[in-house]
S.K.: 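Here's a structure for you.
Hydrogens, waters and symmetry mates play no part in the numbers below; they use all other heavy atoms, side chains included. Chain A is the first sequence line, chain B the second, and so forth, proteins listed ahead of strands; every chain is numbered from 1.
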Amino acid sequence: MPLLQAMEQACGDIQVTAIHAWFRHARGYFPGAQREKTLLAMSMRSCGQTPTDGGIHEPTEDLWVREGRILDPEKLFFDEQGYADKHVDCEGSIIAPGFIDVQINGGYGIDFSQASEDVSDGVSFVAKKILEHGVTSFCPTLVTSPPEVYHKVLPQVTVHDGGPHGAGVLGFHLEGPFISAEKKGAHPEKYLRTFKSGGLEHLMEVYGSLDDVAIVTLAPELPGSQSVVRELSQRGITVSLGHSAADLSQAEEAVQQGASFITHLFNAMLPFHHRDPGIVGLLTSDRIPAGRAVYYGMIADGIHTNPAALRIAHRAHPSGLVLVTDAITAMGLPPGRHTLGQQVIEIQGLHAYVAGTKTLSGSIATMDMCVRHFKQASGCSVQEALEAASLHPAQLLGISPKKGKLDYGSDADLVLLDEGLNVKATYISGEEVWRKGQ
Amino acid sequence: MRLVILDDYDLASEWAAKYIRNRIVQFKPSADRFFTLGLPTGSTPYGCYQKLIEYYRHGDISFKYVKTFNMDEYVGLPRAHPESYHSYMWNNFFKHIDIDPANAHILDGNAQNLEEECQAYEQKIAEAGGIELFVGGIGPDGHIAFNEPGSSLVSRTRVKTLAKDTIVANARFFGNDLSKVPTMALTVGVGTVMDAKEVMILITGAHKAFALYKAIEEGVNHMWTVSAFQQHPRTIFVCDEDATLELRVKTVKYFKGLMHVHNKLVDPVLSIKDQ
């Protein structure tokens, strides 16, 4: 018989008043049911360290989570007289905010820049896999592509929260096509563009839509860039300087207009010169507007940047360092040939080159590998290494402290790590979404 | 009175914790019969709390059927302020044990009506069946809780204005800025503590020595309010050597000679695991 009818038959003789007796019973036997909303306060016991702004907490400090956010347990105790419904033993792991990757082109055979019908599936596939690397939020990145690709791909993926299905999407990172021909790196020359008059409108024609775009990388020396930078920034889109031959004053001008990021520092830009430091000079520029900061992406895979250069950047401007993977299709795949954007790539060991050349086309390092390499190469503390993968990208995108921090009220996107900074488990909104060995 | 003298702060903290542990375990608290415990704050009981937390972690005691009543709380200090007694109790004790938050009572220094809050607190103690064991400390001016010199020895829970001495002593917790130290507090009265079945006062450190002398070797005097406990049938003073520095040698020798008797209270140390 129909379900509702069955329910009616079974419960027809239960009085409305009986529900009050149930409430009383529930309150007495299940103290967690006192509130209207389910109090799933989960305390993660015996956890090693929780790096926050105030430093790493002493061991045995618990982290409390409720309804997907970090909870202030003292308020819970005194205000609500509540306590934990569930304990999770972290076995002395380090708890860090989930990693945020703002530059990732694909992986596991998926290439975000390929115009396909099921881009959304591809993004979801990668989103799920990168949970293993501790990444809880990311910006799918599109390299220089023709307008048809943007028009096809962009509408298929929207900004959305992460969960058991995979890391959350914070918005696209559009790396190109408004970049320098001289510094194109692995980007296909024939699709490079310059700003026509009417800056932002031209941009819209090329991209189609900016609704779910988080970051745009462009070369500020291109004529007409100033108004574009300004208008994009006003729209809340992070403007990044990269694949550019700009000198320092051009870069500073762009920052004045709102640019706040440098795409993979040192790569695809003029090298540091002591009389014109170029974009690299932004790290110590004194022309950054008050209250603003410039962040810079670093591919700390041991290949894209010499460790000494990594150290120089880190020491010059430690709070701006953002670890990115710039991972390409081949990340997670065995050696061989694969497609990236409109080109063919060759994997040799940990290196990925444009097929037939020695031009690096992107990395196949994972985020947790980058964190470990960064810590080892720079000699920084565990906290600094973890902040470069969580706090700084969150600050860059203006989503801190909701993401990238473990403050009371922050989203409970966490990664549990062992002493060697290997990922043991990943949580999104307080729910375990990946565990090593399962 | 029992005067239990241990060599140092750690041993005194441990003795006190063992005593509390034994009392709770022996009482066999249950859902129908809670063990009511009065609790202090400050640097003196810190070691004792650490030990109790350790015993809880080893599974030797549980606070599930224990009701606690703290002695005092500042007036006007936000509850989340790191120096409030709510914060102290949460960080140093409650968050590490299995006490039901509904059973952890602390006076609310931000209540709309402070007098009503005090009366309600007395009421809650009465409803809980009175305090089984009230643990307290002593101030350098001989006060118990915030019953400053001059407090009535039969006083109940009320609002008190703090003495200059106390404010100065507390300044170190407020960045040594006297203007930031609260000037009023809600406190249980001397009479309230006297109503407890048993009282245990923890006193450690040379700076408390004179107060201890005044409390136990001189007469009952409202200028040294801890002296009121000379008239309580079951009081234990737990102290370290340094706290005895102002006592007569005779007093110290007498009570040290009784340690084998006192130690029977904590040896053997009991555990719920054996029940």
Side-chain angles (χ1 to χ4, degrees), chain A residues 23-35 39-50 52-66 69-92 95 406-410, chain B residues 30-32 34 39 41 46 49-59 62-70 73-74 77-111 117 120-121 124 128 186:
Chain A
F23 285 153
R24 278 196 304 278
H25 169 84
R27 263 187 228 122
Y29 281 83
F30 311 112
Q34 276 180 40
R35 302 285 162 254
L39 183 110
L40 183 77
M42 176 178 103
S43 105
M44 304 177 83
R45 262 185 201 280
S46 319
C47 297
Q49 296 159 308
T50 54
T52 67
D53 245 347
I56 295 186
H57 292 177
E58 288 306 299
T60 73
E61 184 79 24
D62 288 345
L63 189 73
W64 291 65
V65 173
R66 175 165 73 177
R69 301 222 185 93
I70 311 287
L71 175 70
D72 180 350
E74 190 174 342
K75 281 192 73 168
L76 174 71
F77 188 88
F78 289 124
D79 277 343
E80 299 179 42
Q81 298 187 341
Y83 46 87
D85 294 311
K86 190 173 142 194
H87 291 280
V88 176
D89 188 349
C90 306
E91 295 150 357
I95 309 181
L406 296 180
D407 284 355
Y408 299 139
S410 298
Chain B
S30 65
D32 315 305
F34 279 74
L39 294 177
T41 52
Y46 179 77
Y49 285 131
Q50 293 285 296
K51 280 310 237 184
L52 288 171
I53 292 166
E54 194 187 301
Y55 299 153
Y56 163 71
R57 288 215 179 105
H58 284 134
S62 166
F63 292 90
K64 195 160 172 237
Y65 298 118
V66 173
K67 282 190 180 152
T68 63
F69 290 88
N70 266 65
E73 173 62 285
Y74 290 115
L77 199 61
R79 198 204 56 221
H81 191 284
E83 292 302 328
S84 80
Y85 289 166
H86 280 79
S87 291
Y88 177 97
M89 290 308 297
W90 167 252
N91 284 312
N92 296 319
F93 196 47
F94 295 146
K95 81 175 174 193
H96 305 281
I97 57 171
D98 63 342
I99 188 165
D100 183 339
N103 293 332
H105 302 278
I106 308 181
L107 283 156
D108 179 7
N110 292 301
E117 170 68 12
Y121 203 69
K124 278 184 213 151
L186 300 183

S.K.: Got a second to check how far A/Q81's CD is from B/N103's CG, nearest 0.5 Å?
M.R.: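 Here the rounded value is 8.5 Å.
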
S.K.: Taking only residues two or more places apart in sequence or in another chain, which ones pass salt bridge (charged side-chain N to carboxylate O under 4.0 Å, His left out) with B/E54?
M.R.: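 So B/E54 forms a salt bridge (charged side-chain N to carboxylate O under 4.0 Å, His left out) with B/K51.
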
S.K.: Answer whether the closest heavy-atom distance between the side chains of A/K75 and B/R79 falls below 4.5 Å.
M.R.: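 They are in contact (side-chain heavy atoms under 4.5 Å apart), so the answer is yes.
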
S.K.: Counting only heavy atoms closer than 4.5 Å, note whether B/I106 contacts chain A via side chain, backbone, both or neither.
M.R.: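 It is the side chain, since no backbone atom gets that close.
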
S.K.: Which residues pass the side chain to side chain contact (heavy atoms under 4.5 Å, CB included) test with A/R69, sequence neighbours left out?
M.R.: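 With neighbours one apart ignored, the set is A/D411.
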
S.K.: If you take all heavy atoms of B/P101 and A/G82, which pair is closest and at what distance?
M.R.: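 Looking at all heavy atoms of both residues, the closest pair is CG-O, 3.3 Å.
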
S.K.: Does the plane of the ring in A/F77 sit parallel, tilted or perpendicular to the ring in B/F94? Use 30° and 60° as the thresholds.
M.R.: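 Geometry flag for B/F94 against A/F77: parallel rings.
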
